[in-house]
Amino acid sequence: PTPPRHSTRRQRQMCIRDSVNSATAQFFINLRDNDFLDHGTRDFGYAVFGEVVDGMDVVDAIAAVATGNTGGHQDVPVEAVTIVEVTIDD
């Protein structure tokens with residue numbers, strides 16, 4: 001069977017490093033469909049644990065901030081972005 005797609009816009013996924021079990025501290029929100037993040041020949045893919053159901057305009061505004069390279073990381077915000085409040089719906 002074909003695994004479900006986990007890489008569509010709005011989904012929140014755990015970040016993994018060099019191991020399948022390394023997703024412990026960071027997450028990201030997909031700004032567009034990213035098929036390469038799904039399970040495949042490369043690895044097990046990224047775990048989806050949520051979806052933005054309201055406020056995607058805020059996510060898009062965060063995505064529009066100026067970015068640069070710092071501390072060995074690329075395409076990170078030049079100025080810190082702080083998420084002040086999150087509401088979790090059951």
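Note that the numbering runs from 1 along the sequence shown for the chain. This is a predicted model, so every value here is computed, not measured. Below, each value reflects all heavy atoms present in this structure, side chains not excepted, and no hydrogens, waters or symmetry copies.
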Verdict with reasoning, I29 to V52, per side-chain contact (heavy atoms from CB on, under 4.5 Å): CA-CA 8 Å; I29 300 169; V52 177; 4.0 Å; yes

Shortest non-hydrogen separation from [X] to [Y] and the atoms involved:
X: T67; Y: V78; result: C-CG2, 3.6 Å
X: L31; Y: A63; result: CD1-CB, 3.4 Å
X: P77; Y: V65; result: CB-CG2, 4.1 Å

Just wondering, do N69 and H73 contact through their side chains at under 4.5 Å, heavy atoms? no

